[in-house]
Amino acid sequence: MPVYELFMILRQMSRPEVVSGVKRAAEIILDRGGVIRSINNMGTMDLPYKISSQGIVHRIGTYFTVEFSVPPTQLEDIDEEYSRDVDIIRRGIFKVEDELTVPKERQCTLHEELLPPAYRKDVQEMIAIANKKKKPKFKYNSGLDYYPFSK
(Lines give C-alpha, C1' and ligand atoms only; values in the text may rest on other atoms or scores of the structure.)
Protein backbone atom coordinates (compact mmCIF):
# COMPACT_ATOMS: atom_id res chain seq x y z
CA MET A 1 0.00 0.00 0.00
CA PRO A 2 1.28 3.49 -0.76
CA VAL A 3 2.24 5.84 2.06
CA TYR A 4 0.27 9.07 2.50
CA GLU A 5 0.55 12.04 4.83
CA LEU A 6 -2.49 13.81 6.22
CA PHE A 7 -2.04 17.42 7.26
CA MET A 8 -4.91 18.74 9.34
CA ILE A 9 -5.68 21.80 11.40
CA LEU A 10 -8.11 21.31 14.28
CA ARG A 11 -10.08 24.18 15.77
CA GLN A 12 -9.02 25.58 19.13
CA MET A 13 -10.25 23.18 21.82
CA SER A 14 -9.30 21.88 25.24
CA ARG A 15 -6.80 19.01 25.43
CA PRO A 16 -9.34 16.18 25.92
CA GLU A 17 -11.40 17.42 22.97
CA VAL A 18 -8.26 17.56 20.80
CA VAL A 19 -7.43 13.97 21.78
CA SER A 20 -10.93 12.81 20.84
CA GLY A 21 -10.71 14.68 17.52
CA VAL A 22 -7.41 13.01 16.63
CA LYS A 23 -8.82 9.62 17.67
CA ARG A 24 -11.80 10.17 15.37
CA ALA A 25 -9.48 11.05 12.51
CA ALA A 26 -7.36 7.95 13.17
CA GLU A 27 -10.41 5.68 13.38
CA ILE A 28 -11.55 6.86 9.95
CA ILE A 29 -8.24 5.63 8.50
CA LEU A 30 -8.36 2.35 10.43
CA ASP A 31 -11.99 1.67 9.40
CA ARG A 32 -10.97 1.94 5.74
CA GLY A 33 -8.29 -0.77 6.14
CA GLY A 34 -5.36 1.60 6.64
CA VAL A 35 -2.35 1.44 8.92
CA ILE A 36 -1.14 4.50 10.85
CA ARG A 37 2.63 4.88 10.90
CA SER A 38 2.99 8.04 12.97
CA ILE A 39 1.05 10.97 14.42
CA ASN A 40 2.88 14.26 15.00
CA ASN A 41 1.49 17.17 17.00
CA MET A 42 3.00 20.39 15.71
CA GLY A 43 1.33 22.54 18.34
CA THR A 44 -1.29 25.25 18.60
CA MET A 45 -0.50 28.37 16.58
CA ASP A 46 -2.17 31.39 15.07
CA LEU A 47 -3.49 30.70 11.59
CA PRO A 48 -1.83 32.70 8.79
CA TYR A 49 -5.23 34.20 7.97
CA LYS A 50 -8.71 33.82 9.38
CA ILE A 51 -10.38 30.66 8.09
CA SER A 52 -14.10 30.07 7.93
CA SER A 53 -15.20 26.46 8.40
CA GLN A 54 -18.67 25.11 9.16
CA GLY A 55 -19.94 28.70 9.45
CA ILE A 56 -17.43 29.69 12.18
CA VAL A 57 -14.40 31.98 11.73
CA HIS A 58 -11.18 30.58 13.23
CA ARG A 59 -7.97 32.44 14.06
CA ILE A 60 -6.12 29.78 16.10
CA GLY A 61 -5.65 26.10 15.27
CA THR A 62 -3.84 22.95 16.35
CA TYR A 63 -1.67 21.44 13.62
CA PHE A 64 -1.23 17.67 13.17
CA THR A 65 0.40 15.38 10.62
CA VAL A 66 -0.53 11.72 10.30
CA GLU A 67 1.52 9.33 8.19
CA PHE A 68 -0.45 6.29 7.09
CA SER A 69 -0.85 3.56 4.48
CA VAL A 70 -4.20 2.90 2.87
CA PRO A 71 -5.47 1.47 -0.42
CA PRO A 72 -5.70 4.27 -3.01
CA THR A 73 -9.38 3.52 -3.63
CA GLN A 74 -10.23 4.62 -0.09
CA LEU A 75 -8.70 8.12 -0.28
CA GLU A 76 -11.84 9.82 -1.55
CA ASP A 77 -13.94 8.28 1.24
CA ILE A 78 -11.44 9.38 3.87
CA ASP A 79 -11.31 12.93 2.51
CA GLU A 80 -15.11 13.08 2.42
CA GLU A 81 -15.33 11.97 6.06
CA TYR A 82 -12.84 14.66 7.07
CA SER A 83 -14.82 17.31 5.19
CA ARG A 84 -17.85 16.53 7.36
CA ASP A 85 -15.96 16.64 10.67
CA VAL A 86 -16.77 19.90 12.51
CA ASP A 87 -13.45 19.94 14.41
CA ILE A 88 -11.21 19.87 11.33
CA ILE A 89 -10.69 23.33 9.84
CA ARG A 90 -8.33 22.38 6.98
CA ARG A 91 -6.93 19.09 5.75
CA GLY A 92 -4.79 17.76 2.94
CA ILE A 93 -3.69 14.28 1.94
CA PHE A 94 -0.39 13.96 0.09
CA LYS A 95 1.46 10.94 -1.25
CA VAL A 96 4.86 10.32 0.31
CA GLU A 97 7.67 8.87 -1.78
CA ASP A 98 8.47 5.30 -0.85
CA GLU A 99 11.97 4.47 0.29
CA LEU A 100 12.14 1.98 -2.58
CA THR A 101 11.61 4.65 -5.25
CA VAL A 102 14.14 7.09 -3.75
CA PRO A 103 17.63 6.45 -5.11
CA LYS A 104 19.99 5.15 -2.44
CA GLU A 105 23.01 6.89 -3.97
CA ARG A 106 22.41 9.98 -1.85
CA GLN A 107 25.40 10.48 0.37
CA CYS A 108 26.57 13.23 2.66
CA THR A 109 28.54 15.81 0.68
CA LEU A 110 29.11 18.33 3.44
CA HIS A 111 32.90 18.11 3.13
CA GLU A 112 32.61 18.93 -0.59
CA GLU A 113 30.13 21.77 0.01
CA LEU A 114 32.46 23.41 2.52
CA LEU A 115 35.26 23.73 -0.07
CA PRO A 116 35.76 27.08 -1.80
CA PRO A 117 33.74 27.27 -5.03
CA ALA A 118 36.76 26.93 -7.31
CA TYR A 119 37.59 23.52 -5.82
CA ARG A 120 34.10 21.98 -5.90
CA LYS A 121 33.57 19.25 -8.45
CA ASP A 122 30.24 20.58 -9.75
CA VAL A 123 31.66 24.11 -10.18
CA GLN A 124 34.67 22.73 -12.07
CA GLU A 125 32.30 20.88 -14.39
CA MET A 126 30.38 24.10 -15.07
CA ILE A 127 33.65 25.94 -15.81
CA ALA A 128 34.68 23.18 -18.24
CA ILE A 129 31.36 23.48 -20.08
CA ALA A 130 31.74 27.27 -20.28
CA ASN A 131 35.30 26.93 -21.63
CA LYS A 132 34.08 24.66 -24.42
CA LYS A 133 31.55 27.27 -25.52
CA LYS A 134 34.04 30.18 -25.64
CA LYS A 135 34.61 31.82 -29.01
CA PRO A 136 38.18 32.16 -30.27
CA LYS A 137 39.72 35.63 -29.78
CA PHE A 138 41.35 37.72 -32.50
CA LYS A 139 45.01 36.88 -32.96
CA TYR A 140 47.16 39.91 -33.65
CA ASN A 141 49.72 37.85 -35.55
CA SER A 142 47.24 36.78 -38.23
CA GLY A 143 49.33 38.07 -41.10
CA LEU A 144 47.65 41.45 -41.28
CA ASP A 145 49.61 44.57 -40.37
CA TYR A 146 46.61 46.17 -38.72
CA TYR A 147 43.50 45.34 -36.70
CA PRO A 148 40.78 45.23 -39.36
CA PHE A 149 37.84 46.23 -37.14
CA SER A 150 39.24 49.42 -35.62
CA LYS A 151 37.74 52.77 -36.61
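- Of all heavy-atom pairs spanning D85 and D87, the tightest one is OD1-N, 3.1 Å.
- Interatomic distance, I28 CD1 to K23 NZ, rounded to the nearest 0.5 Å: 14.5 Å.
- The distance from atom CG of N131 to atom CE of M126, rounded to the nearest 0.5 Å, is 12.5 Å.
- Taking each heavy atom of Q54 and S83 in turn, the nearest pair found is NE2-O, 3.4 Å.
- Using a distance-only test at 3.5 Å, with no hydrogens or angles considered, a donor-acceptor pair links the side chain of Q124 to the main chain of A118.
- From I89, atom CD1 reaches atom CG of L47 across 5.5 Å, with rounding to the nearest 0.5 Å.
- Of the inter-residue distances, the one linking R32 atom CZ with Q74 atom CD reads 6.0 Å to the nearest 0.5 angstrom.
- Judged by distance alone, with hydrogens and angles left aside, the side-chain atoms of Y4 form no donor-acceptor pair with the main-chain N or O of V96 at under 3.5 Å.
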Item to complete: Report the C-alpha distance between M13 and T62 in whole Å, list the side-chain angles of each, state the deciding distance to 0.1 Å, and finish with yes or no for side chain to side chain contact (heavy atoms under 4.5 Å, CB included).
Response: CA-CA 8 Å; M13 303 181 283; T62 305; over 6 Å; no
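- Nearest heavy-atom pair across F68 and E5 is CE2-C, 4.3 Å.
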Discussion item. For L6 and R91: C-alpha separation, side-chain torsions, deciding distance, then whether side chain to side chain contact (heavy atoms under 4.5 Å, CB included) applies.
Written reply: CA-CA 7 Å; L6 164 69; R91 80 246 175 247; 4.2 Å; yes
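- I36 and V18 end up in the same hydrophobic cluster when Ile, Leu, Val, Met, Phe, Trp and Tyr side chains are linked at under 4.5 Å.
- Summarising the geometry of V57 relative to R59, their closest heavy-atom pair is CG1-NH1, 3.9 Å, with the distance given to 0.1 Å.
- Hydrophobic clustering, with ILVMFWY side chains joined whenever heavy atoms are under 4.5 angstrom apart, groups L10 together with I93.
- Closest of all the heavy-atom pairs between I60 and T44 is CG2-CG2, 3.5 Å.
- Here M45 contributes atom CE and I9 contributes atom CD1; the two are 8.5 Å apart, rounded to the nearest 0.5 Å.
- Considering all non-hydrogen atoms of both residues, S53 and H58 come closest at O-NE2, 3.7 Å.
- Checked against salt bridge (charged side-chain N to carboxylate O under 4.0 Å, His left out), R84 has the following partners two or more places apart in sequence or in another chain: E80, E81.
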Practice prompt. Evaluate the side chain to side chain contact (heavy atoms under 4.5 Å, CB included) criterion for residues D79 and L75: first the C-alpha distance (whole Å), next the side-chain angles of each, then the deciding distance (0.1 Å), finally the verdict.
Written response: CA-CA 6 Å; D79 194 37; L75 280 180; over 6 Å; no
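- For the pair Y82 and D77, the minimum side-chain heavy-atom distance is 4.5 Å or more.
- Hydrophobic cluster membership is shared by V70 and I39, with clusters built from Ile, Leu, Val, Met, Phe, Trp and Tyr side chains linked at under 4.5 angstrom.
- A distance of 6.0 Å separates OH of Y63 from CZ of F7, quoted to the nearest 0.5 Å.
- In terms of hydrophobic clustering, with Ile, Leu, Val, Met, Phe, Trp and Tyr side chains grouped at heavy-atom distances under 4.5 Å, M42 and V66 are assigned to different clusters.
- Side-chain contact annotation: R37 with S69, donor-acceptor N/O pair under 3.5 Å present.
- The closest donor-acceptor contact from the side chain of R120 to the backbone of L115 lies under 3.5 Å.
- Taking hydrophobic clusters as Ile, Leu, Val, Met, Phe, Trp and Tyr residues chained together by side-chain heavy-atom distances below 4.5 Å, I88 does not share a cluster with Y49.
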